[in-house]
Number of protein chains: 2
Amino acid sequence: MEPGHTAVTNTQLHEPSRCQIVSGVLARIGDKWSVLVVMQLGAGSRRFSELKRAIGSISQRMLTLTLRGLERDGLVTRTVTPSIPPRVDYELTELGRSLLDPVQAIGSWAIGNHEKITVAQQAFDARGD
Amino acid sequence: MEPGHTAVTNTQLHEPSRCQIVSGVLARIGDKWSVLVVMQLGAGSRRFSELKRAIGSISQRMLTLTLRGLERDGLVTRTVTPSIPPRVDYELTELGRSLLDPVQAIGSWAIGNHEKITVAQQAFDARGD
DNA sequence: CTGGATCCCAAATGATACTG
DNA sequence: CAGTATCATTTGGGATCCAG
């Protein structure tokens, strides 16, 4: 079994103590932007403005904050090239890349099922009037 | 390949349009409680008060709201037994159970790596003073 | 027991202006 | 270009009370 993929049986996963850990990590990477940024960086190193353009709807402020958080968690590295104009590149660390697998699992699920969700929502809203 | 696991290559996953879908789904199930509730229900049907006790820190209000959201998205069913006192059971739908796999992948990653994250945070905070 | 309705506070985010 | 600082706004979520 790979490092970073410690043996944890699924039945252990809803034990209270484990849940708190999962909850904590989720509170961190489960915000509005982190996963989007990680997915972008999954394609390779990107500079600040590239990320901003790729994600589009994110504000400069939130991109900065998100990147700081990810850097603090050891998921991305920040490389400054002191040129004029300055250039800052972000890249996933090994830990960050290891996150890519579960994130892509969620991504695939989302793409495969968002339609069903939309249908369910419409049905629910129709019932409720 | 299984239904609900549509072929989506990982390289497609950071295309803008796909990202928006992933972002949307994540905004829904990526809140503070949904995943916790789904994980609890992964162990089987539970009634309202059982969920509340199992999760512990959640308020009555947020549990209600979270369950409504999950029900609306077609991820859980709500079954009312009109007894006195009333009894309401929640259970994952097939769609909800299909979400369990990627969620558990995240959970396993979280449990396997939260220590590294803590270490990285401490190192970051120490550098920054 | 379940959960709706209110009130209220804290945190998250956006908009904008400014700087090396 | 890549931020920082500030302000305004929205949102999340707890507390409490009430009802079937």
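Labels below follow one simple rule: chain letters A, B, ... track the order of the sequence lines, proteins then strands, and each chain is numbered from 1.
Summarising the geometry, the separation between CE on B:M62 and P on C:dT2 is reported as 18 Å, rounded to the nearest angstrom.
In terms of heavy atoms, B:A110 sits closest to A:I21 at O-CG2, 4.0 Å. For the residue pair B:I55 and B:V37, the shortest heavy atom distance occurs at CD1-CG2, 3.6 Å. Across all their heavy atoms, A:I29 and A:V35 have their closest contact at O-CG2, 3.4 Å.
Side chains of B:W109 and A:V25 form a contact here, defined as non-hydrogen atoms less than 4.5 Å apart. Contact of the B:L67 side chain with the B:L51 side chain is registered, since non-hydrogen atoms from C-beta on lie closer than 4.5 Å.
For the atom pair CG of A:D101 and CD1 of B:I106, the computed distance is 10.0 Å after rounding to the nearest 0.5 Å. For the atom pair A:L92 CG and A:L41 CG, the distance stands at 5.0 Å (nearest 0.5 Å). In this structure, the separation between CG on A:L95 and NZ on B:K116 is 6.0 Å, given to the nearest 0.5 Å. To the nearest 0.5 Å, atom CD1 of residue A:I117 and atom CD of residue A:Q122 are 12.5 Å apart.
Sorted by first and then second residue, the pairs that involve residues 44-71 of chain B and meet side chain to side chain donor-acceptor pair (under 3.5 Å), not counting sequence neighbours, are B:Q40-B:R46.
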For nucleotides 3-7 of chain C, give me every protein contact, N/O to N/O, under 3.5 Å, one pair per line with atom names.
residue : atom : partner : partner atom : Å
C:dG3   : OP1  : B:R78   : NE           : 2.7
C:dG3   : OP1  : B:R78   : NH2          : 2.2
C:dG3   : OP1  : B:Y90   : OH           : 3.2
C:dG3   : OP2  : B:Y90   : OH           : 2.9
C:dG3   : N7   : B:Q60   : OE1          : 3.3
C:dG3   : N7   : B:Q60   : NE2          : 2.8
C:dG4   : OP1  : B:R68   : NH2          : 2.9
C:dT6   : O4   : B:R61   : NE           : 3.4

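In 5' to 3' order, the nucleotides of DNA chain D bounding all contacts with chain A (an atom under 4.0 Å from a heavy atom) are D:dC1 to D:dT6.
Residues B:F124 and A:V38 do not share a hydrophobic cluster, clusters being chains of Ile/Leu/Val/Met/Phe/Trp/Tyr side chains in contact below 4.5 Å.
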Listing, residues 72-81 of chain B side-chain donor-acceptor contacts under 3.5 Å, not counting sequence neighbours, or none:
residue : atom : partner : partner atom : Å
B:R72   : NE   : A:D125  : OD1          : 2.8
B:R72   : NE   : A:D125  : OD2          : 3.4
B:R72   : NH2  : A:D125  : OD2          : 2.7
B:D73   : OD1  : A:Q121  : NE2          : 2.7
B:D73   : OD2  : B:R28   : NE           : 3.1
B:T77   : OG1  : B:E91   : O            : 3.4
B:R78   : NE   : B:Y90   : OH           : 3.3

Practice item. Take B:L36 and B:I58 through the test side chain to side chain contact (heavy atoms under 4.5 Å, CB included) and record every step on the way to the result. Key: CA-CA 10 Å; B:L36 278 299; B:I58 194 172; over 6 Å; no

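At a non-hydrogen distance threshold of 4.0 Å, B:K32, B:W33 from residues 25-34 of chain B come into contact with DNA chain D.
The residue among A:P86 and A:S57 whose nearest nucleotide of DNA chain C is located toward the 5' end is A:S57.
End-to-end axis angle for the helix from C:dC1-D:dG20 to C:dG20-D:dC1, using five pairs per end and rounding to 10°, comes out at 40°.
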